[in-house]
Amino acid sequence: MKLICSKVLKGPEDWICCLKEYGGFLYSGSKDYNICAWNDEDRDPVVKLEGHKAGVRVLHVHNGFLYSAAEDGEVRKWDQNGACVAAMKGHGGRTVWALLSFQGDLFSCGDDHKIIHWKDVDSNNPSVGQSIEGHLGAVYCMKAHDDFIFSGSADCSVRKWTPFGKQEKLATVHTQSVRCMEIFNGLLLTGGNDVNIIQWDLNLVCIRTISGHHLSAITVLREWNGHLYSAGEDYSLRVWDSGMNNIRTAQKHRDVIRGLEPYMGRMGVAPTTAPSVGGASVVAERATLY
């Protein structure tokens, strides 16, 4: 398996924070407050969604709608025509870092240390159903498996919750902020500012700490096609096999990678600036397909 850059996309005026496939398009959210959509043929965006008042940090698909969350503290719901049908406020204007679908419901987490369980999301007037509290710092990431939610935070902890907000387990192995997580081969993987990837069983017992590969904070973990992809602030994209052996590395990016998303059989990568193509610097173009 080789990591070969097949296309570089351009459009946003500022760096891209996230990517998501929705309705046959690849959507990006960026620091210029906008959401752009590309098809598989054009290098320029075909749709631009406007409405957020600060950088867009996460994109998510839930029950047929695209959801976005941003540094303005809002979660917005968009239909396939690009219309915003709901603006959801519950994080007190603080950055929302992640969105999660679990047992038919929508959850968000953010800088206010909270996980919010939203109600009535299938209507055009969603509201806060429950505020799940316990973390002592910003909550950066969430993942669901079976009947539980896992979360990672700036307080260095990984926590396991019931969907009703009861904390089942707390683990503190990371020594700095936990920035990302993924379920891979039946295990929980977490990455963070301490530059480690940690393998956990689903009862939050630490199995293994993987270090010495990334050189700076790990910001993204993503399972795809039987492999784990990791990326972060050392500008590299790494691919791991089922035994967590680093089998491929792409190091041509020239800034932090913040988003990974499979699209049309390729992995979409969202760094601040694109890799060099054919030896030439490509500064204005923002998203890459491998």
Side-chain angles (χ1 to χ4, degrees), residues 58 60 69 91 95-118 129-214 216-224 226-233 238 240-246 260:
V58 59
H60 181 71
H91 286 279
T95 298
V96 182
W97 289 105
L99 297 170
L100 173 73
S101 294
F102 180 55
Q103 296 184 349
D105 293 335
L106 183 69
F107 295 77
S108 62
C109 63
D111 266 351
D112 58 359
H113 308 183
K114 298 176 182 178
I115 299 170
I116 289 180
H117 184 176
W118 295 91
Q130 182 184 13
S131 179
I132 301 172
E133 302 182 30
H135 278 293
L136 304 178
V139 186
Y140 289 127
C141 52
M142 299 180 290
K143 207 69 187 178
H145 187 77
D146 291 338
D147 295 325
F148 297 97
I149 294 172
F150 298 90
S151 60
S153 170
D155 64 11
C156 306
S157 75
V158 178
R159 300 179 189 233
K160 180 180 179 180
W161 311 84
T162 71
F164 305 105
K166 178 184 177 183
Q167 182 176 293
E168 290 286 317
K169 190 75 180 288
L170 178 151
T172 52
V173 176
H174 283 284
T175 58
Q176 297 184 46
S177 297
V178 182
R179 299 280 296 277
C180 52
M181 55 178 49
E182 181 63 290
I183 302 292
F184 183 56
N185 285 340
L187 299 174
L188 178 69
L189 281 293
T190 57
N193 286 1
D194 59 6
V195 200
N196 294 325
I197 297 175
I198 296 179
Q199 282 185 313
W200 312 80
D201 71 14
L202 298 179
N203 290 315
L204 290 189
V205 175
C206 178
I207 297 172
R208 179 184 176 192
T209 297
I210 301 165
S211 59
H213 296 274
H214 283 285
S216 191
I218 300 167
T219 56
V220 192
L221 293 173
R222 184 64 192 264
E223 186 277 334
W224 182 56
H227 294 87
L228 182 74
Y229 289 72
S230 65
E233 293 184 358
R238 295 177 181 269
W240 308 79
D241 64 16
S242 58
M244 288 305 293
N245 300 298
N246 184 191
L260 298 174

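Only a predicted model underlies this, so the values are computations on that prediction, with no experimental measurement involved.
- Within the structure, salt bridge (charged side-chain N to carboxylate O under 4.0 Å, His left out) contacts touching residues 181-193 (residues at least two apart or in different chains) are Lys143-Glu182.
- How far CG of Leu189 is from CG of Leu221: 6.0 Å, rounded to the nearest 0.5 Å.
- The structure places CG of Asn185 at 8.0 Å from CD of Glu223, a figure rounded to the nearest 0.5 Å.
- Using a 4.5 Å heavy-atom threshold, the side chains of Glu233 and Thr219 count as touching.
- Between the side chain of Asp112 and the main chain of Lys114, a donor-acceptor pair closer than 3.5 Å is present.
- Looking at every heavy atom in both residues, His214 comes nearest to Gly232 through CE1-N, 4.4 Å.
- Judged purely by distance below 3.5 Å, without hydrogens or angles, the side chains of His174 and Asn196 never pair a donor atom with an acceptor atom.
- Proximity of a side-chain donor or acceptor of Ser153 to a complementary backbone N or O of Ala138 within less than 3.5 Å is detected.
- Considering only heavy atoms from C-beta on, Cys141 comes within 4.5 Å of Val178 through its side chain.
- When only modelled atom types and interatomic distance are considered, Asp111 and Trp97 share a side-chain donor-acceptor pair under 3.5 Å.
- For the pair Ile132 and Trp161, the minimum side-chain heavy-atom distance is below 4.5 Å.
- Tyr140 is listed as a side-chain neighbour of Ser177, based on a closest heavy-atom distance under 4.5 Å.
- Taking every heavy atom of both residues into account, His60 and Ser101 meet most closely at NE2-OG, 2.7 Å.
- In terms of heavy atoms, Asn246 sits closest to Trp240 at N-CE3, 3.5 Å.
- For the atom pair NE2 (His227) and CZ (Arg238), the distance works out to 15.5 Å, reported to the nearest 0.5 Å.
- Ser108 and Trp118 make their closest contact through OG-NE1, 2.9 Å (heavy atoms, listed as atom of the first residue, atom of the second, distance).
- To the nearest 0.5 Å, the span separating CD1 on Ile218 from SG on Cys180 amounts to 6.5 Å.
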Working note: Asn193 + Arg179, criterion side-chain contact (heavy atoms from CB on, under 4.5 Å); need CA distance, chi angles, decisive distance, verdict.
CA-CA 7 Å; Asn193 286 1; Arg179 299 280 296 277; 2.7 Å; yes

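- Between Leu202 and Phe148, the closest side-chain pair of non-hydrogen atoms is not below 4.5 Å.
- In this structure, Gln199 and Leu188 have side chains that are not in contact, with every pair of non-hydrogen atoms separated by 4.5 Å or more.
- Listed by chain and residue number, Arg159 satisfy the salt bridge (Lys or Arg N to Asp or Glu O under 4.0 Å) test with Asp155 (two or more places apart in sequence, or in another chain).
- Heavy atoms only, all atoms of each residue included: Phe102 and Asp146 are closest at CE1-O, 3.3 Å.
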Identify all side-chain donor-acceptor contacts of residues 203-213 below 3.5 Å with residues at least two apart in sequence or on another chain.
{"from": "Asn203", "atom 1": "OD1", "to": "Lys160", "atom 2": "NZ", "distance (Å)": "3.3"}
{"from": "Arg208", "atom 1": "NH1", "to": "Gly243", "atom 2": "O", "distance (Å)": "3.2"}

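- Rounded to the nearest 0.5 Å, atoms CG (Leu260) and OG (Ser230) are 8.5 Å apart.
- Between Thr162 and Glu168, the closest heavy-atom pair is CG2-OE2, 3.4 Å.
- Two residues are said to be in side-chain contact when any heavy atoms from C-beta on lie closer than 4.5 Å; Phe150 and His145 meet this criterion.
- From Leu100, atom CG reaches atom SG of Cys109 across 8.5 Å, with rounding to the nearest 0.5 Å.
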